[in-house]
Amino acid sequence: MAEVKKSRPARMRRVRHKGRASQILIYLGKQLRLFINENDWKVLPMAAIIAALVGMVIRKKIFISMEGCLIGGFALTCVGIWNGCFNSIQAVCRERAIIKREHRSGMHVSSYVAAHMIYQFFLCLLQTGLTMYVLILLGVQFPATGFMTPWMVLDMGISLLLIMYASDMMSLFISSISHTTTGAMTVMPFVLIFQLVFSGGIIPLPEWSRTIANFTISNYGIKVITAQAGYNELPMETGWKTLSGMRDSEIGGSVTLGQIMDLLDSPGIEKMRDREVVQSYTVGEAAEIISAAEKYLHLRDREITNPVSVREIVEWMNTADECAVLRTKEIIPAVDETPALTIGSVLEKMITSEEMQSVMDLEIGTTITLGQVLDYLHVNEVVEQTADTTLNPAVTVGQIVDFIKNNEALNSQRDRTFTVKTTMGELFDMFGEERVKEIVQAKTAAAGRNAAYDKTMDNIVSNWMSLMAFIAVFAFL
């Protein structure tokens, strides 16, 4: 009997890919095919639409005022987080079974993660460039010169790229620990809310929760964008807009003198009691002030007396009311039919007589200036001798308050009523609207200053490094 040979089943050959670098290239090719064939390219037009919506809101705000700068920084941070999160939230969980099968065939998970990091970086880079291009098209007026680079658009682009890539790595981590795409998409809204609520920018945080902001990407994103946009160098418009909207509002009313005097006992006035209202001056200090004024007013050249003609004296005596009685005085009394000779008739004769005209034009006196009088009185020598002599004591707010409170005449009129009514617009006109606007904006800007938004190299670089740290941590996880 012929020997029957049993056939052995063919052994499946296990494919092994040597070298993790070559495996990265294989996975990158796979990601490119998914980008083209699985419609992953749709994230690019979606990024353009989001940028357009945000650009229409912030284009006239971000580099104009503090409020606009903060709103713009928050909006751009939201753009970066949104795009980054939805780039990779389903990237791993949707092909979990495929990854396991490829791992059993010899592919390394580290190569897969590295390929995703490279692919997602270039995807974020494309989205960042597209976002900045759309913002420019919509009229966002970026300053020409940047702070860290020669162009502000590039400065902002780097910040937006880091925000987007950090969010992308965070979503990639969430996708890697989620078993299904449904689970990943369920978690995603909570992550977004956490990032936006605890950003520490637009929404004020209570004291206990401010530390949490240090663990959000949005916190560092808002800080770096507002710092680059020059938040602390811009005016604050909210206070002035509120006041300007009250132009027609009436203020004031009826108040008694007693109510006004009672205000003198307020804590604010009490703190100012030692403030000098009128400063004490010595003779030397007063002389210095006068000398400084002399440079602009030329006081020494002021004329005290001027030459006067006989005609001017005679005409004045003949017409002035003060000389009416004098003009009636008789120099020679009347005799028979000859009328009396009065001073008034003599003045008239002098004015009309041709023989007297040459005499009438004669000038009496000379021009004397203030400087000549001061030199004649040796004022400079007197000032030097009495330079330390006090001319007046200082007057403080407390002394004025005490005088008003202890004044019997004022106290007797405490029930006297005053009615004062005006509008905000009239006050603006009184003090100058532009001046009020400048003061209000300057004061509110000083009050709204935030050291975290300082436009300094250390501040910007430290926020960039924090975003890079998020990228490294989530990539490692």
Mark yes or no for whether [X], through its side chain, and [Y], through its backbone, hold a donor-acceptor pair below 3.5 Å.
X      : Y      : answer
Thr386 : Thr389 : no
Gln195 : Ile81  : no
Tyr220 : Asn214 : yes
Gln228 : Asp155 : yes
Thr282 : Asp388 : no
Ser167 : Gly84  : no

Can you name the nearest heavy-atom pair linking [X] to [Y], along with the distance?
X      : Y      : value
Ser171 : Cys85  : OG-CA, 2.8 Å
Tyr165 : Gln120 : CE1-C, 4.0 Å
Asn219 : Ala213 : CB-O, 3.0 Å
Ile174 : Ser178 : O-OG, 2.7 Å
Ser218 : Thr77  : CA-CG2, 3.7 Å
Ser280 : Thr390 : OG-CG2, 3.6 Å

From CA spacing to verdict: side-chain contact (heavy atoms from CB on, under 4.5 Å), Phe194, Thr216: CA-CA 8 Å; Phe194 177 80; Thr216 61; 3.5 Å; yes

Is it true that [Y] and [X] share a donor-acceptor pair across their side chains at a distance under 3.5 Å?
X      : Y      : result
Asp415 : Thr256 : no
Gln127 : Asn87  : yes
Asp168 : Ser88  : yes
Asp454 : Asn459 : no

For [X], I'd like to know if atom [atom1] has over 12 heavy atoms of other residues, nucleotides or ligands within 6.0 Å.
X      : atom1 : answer
Phe173 : CZ    : yes
Arg416 : CZ    : no
Gln259 : CD    : yes

Heavy atoms, side chains only, cut-off 4.5 Å: are Met170 and Val191 in contact? yes

May I ask you to say whether Asp262 pairs ionically with Lys405, meaning some side-chain N is under 4.0 Å from a carboxylate O?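 Salt bridge: no.
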
Tell me whether the rings of Trp82 and Phe86 are parallel (<30°), tilted (30 to 60°) or perpendicular (>60°). tilted

Testing Thr131, Leu135, Ile163 one by one against Val79 for a side chain to side chain contact (heavy atoms under 4.5 Å, CB included), which residue passes?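 Only one of Thr131, Leu135, Ile163 forms a side chain to side chain contact (heavy atoms under 4.5 Å, CB included) with Val79, namely Thr131.
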
